[in-house]
Amino acid sequence: MSAAVAASSGAPAADVEKGAAAADANVDGGGAPAAAAASGEGVVSAVVRRWRRQDLLEKSGSALRVAAWAFSLLAFVVMGANDHGDWRQFEHYEEYRYVVAIGVFAFIYTTLQLVRHGVRLTGGQDLQGKVAVLVDFAGDQVTAYLLMSAVSAAIPITNRMREGADNVFTDSSAASISMAFFAFLCLALSALVSGFKLAKQTYI
């Protein structure tokens with residue numbers, strides 16, 4: 001009788017032990033999926049952050065080129081309209097003709113860049129990634145340098161004129177030079193953005 005009772009009481013104890021072991025196994029087995037899920041979330045977060053950074057860089061570069069487009073347009077239009085007869089005509093001065101020429105060049109360059117951006121937004125085909133970044137970086141650098149050289153050439157002659165006679169001609173010249181300088185600043189900042197994107201290319 002006692003043996004039967006012991007046998008009957010031993011069965012539930014064994015079942016309890018088996019159940020505990022199974023629970024431990026489930027807990028241990030569940031750790032791997034949890035770790036994998038956490039790792040997956042980390043990867044997704046990193047990808048999302050990268051996409052946001054790329055989108056911010058793209059928007060920043062486009063906004064700076066829009067500003068450079070507007071300033072370069074104003075630079076050559078204001079100087080081109082600076083014609084008040086006699087000696088007060090921009091075409092009489094090589095420095096002012098240079099400002100007009102570089103203003104037109106910067107306007108054309110930024111227009112083409114904005115067209116490229118519009119093509120990308122509409123799903124059209126642009127230059128390959130590496131080539132596109134190189135074109136952006138080189139183009140921004142060269143155009144910014146030319147704008148700065150035009151500003152540097154026109155400032156001295158404008159200052160000399162304003163010492164003798166400060167009038168609408170010298171005021172218009174100064175306004176055009178200021179617009180060219182602002183265009184230079186925008187493209188210089190755009191060159192920094194392009195340089196950062198270039199540094200992130202995997203082949204460098």
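The side-chain hydrogen bond (donor to acceptor under 3.5 Å, both in side chains) analysis of residues 172-182, with sequence neighbours excluded, yields the pairs Asn82-Ser173.
Evaluated for a ring-ring contact (aromatic ring centres under 6.0 Å, His included) with Phe71, the options Phe182, Phe181, Phe107 yield exactly one hit, Phe182.
For Tyr93, the OH atom is densely surrounded, since the number of other residues' heavy atoms within 6.0 Å is greater than 12. Taking a 6.0 Å sphere around CD of Glu94, one finds it holds 12 or fewer heavy atoms contributed by other residues, nucleotides or ligands. Within a 6.0 Å sphere centred on OH of Tyr145, other residues, nucleotides and ligands contribute 12 heavy atoms or fewer.
If you take CG on Leu147 and CD1 on Ile102, they are separated by 7.0 Å, rounding to the nearest 0.5 Å. Rounding to the nearest 0.5 Å gives a distance of 11.0 Å between OG1 of Thr158 and CG of Asp166. Rounding to the nearest 0.5 angstrom, the gap separating the CZ atom in Phe105 from the OG1 atom in Thr143 is 4.5 Å.
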Enumerate, atom names and distances included, each donor-acceptor pair closer than 3.5 Å involving a side-chain atom of residues 135-142, sequence neighbours excluded.
unit_1	atom_1	unit_2	atom_2	d
Asp136	OD1	Gln113	NE2	2.9
Asp136	OD1	Arg116	NH1	2.8
Asp140	OD1	Arg65	NE	3.4
Asp140	OD1	Tyr109	OH	2.5
Asp140	OD2	Arg65	NH2	2.9
Asp140	OD2	Ser190	OG	2.8
Asp140	OD2	Ser194	OG	3.0

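Both Leu112 and Trp69 sit in one connected hydrophobic cluster of ILVMFWY residues. Membership requires side-chain heavy atoms under 4.5 Å apart, directly or through other members. When hydrophobic clusters are built by joining Ile, Leu, Val, Met, Phe, Trp and Tyr residues whose side-chain heavy atoms come closer than 4.5 Å, directly or via intermediates, Val168 is not grouped with Met79. One hydrophobic cluster holds both Leu74 and Leu185 under the rule that ILVMFWY side chains link at heavy-atom gaps under 4.5 Å. Under a hydrophobic-cluster definition in which Ile, Leu, Val, Met, Phe, Trp and Tyr are linked whenever side-chain heavy atoms come within less than 4.5 Å, directly or via other members, Val78 and Met161 are assigned to different clusters.
Ala153 and Tyr98 make their closest contact through CB-CD2, 4.3 Å (heavy atoms, listed as atom of the first residue, atom of the second, distance). Closest approach of Ser72 to Ala183, counting heavy atoms only: N-CB, 3.9 Å. Nearest heavy-atom pair across His84 and Gln89 is N-CG, 4.3 Å. Across all non-hydrogen atoms, the minimal contact from Val100 to Gly80 is CG2-N, 4.2 Å. Summarising the geometry of Ala68 relative to Thr110, their closest heavy-atom pair is CB-CG2, 4.0 Å, with the distance given to 0.1 Å.
Contacts of Asp171 classified as salt bridge (Lys or Arg N to Asp or Glu O under 4.0 Å), with partners at least two apart in sequence or in another chain: Arg162.
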Q. Taking it one step at a time, do Val151 and Phe184 satisfy side chain to side chain contact (heavy atoms under 4.5 Å, CB included)?
A. CA-CA 9 Å; Val151 169; Phe184 155 75; 5.7 Å; no
Q: Could you check Glu91 against Asp83 for side chain to side chain contact (heavy atoms under 4.5 Å, CB included), going step by step and ending with a plain yes or no?
A: CA-CA 8 Å; Glu91 63 266 20; Asp83 189 351; 3.9 Å; yes
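Looking only at side-chain heavy atoms (C-beta outward), Leu192 and Phe196 stay at 4.5 Å or farther from each other. Phe76 places none of its side-chain heavy atoms less than 4.5 Å from the side chain of Val99. Leu187 places none of its side-chain heavy atoms less than 4.5 Å from the side chain of Leu64.
Between Tyr96 and Phe90, the ring centre distance reaches or exceeds 6.0 Å.
Between the Arg88 side chain and the Phe169 main chain, no donor and acceptor come within less than 3.5 Å of each other.
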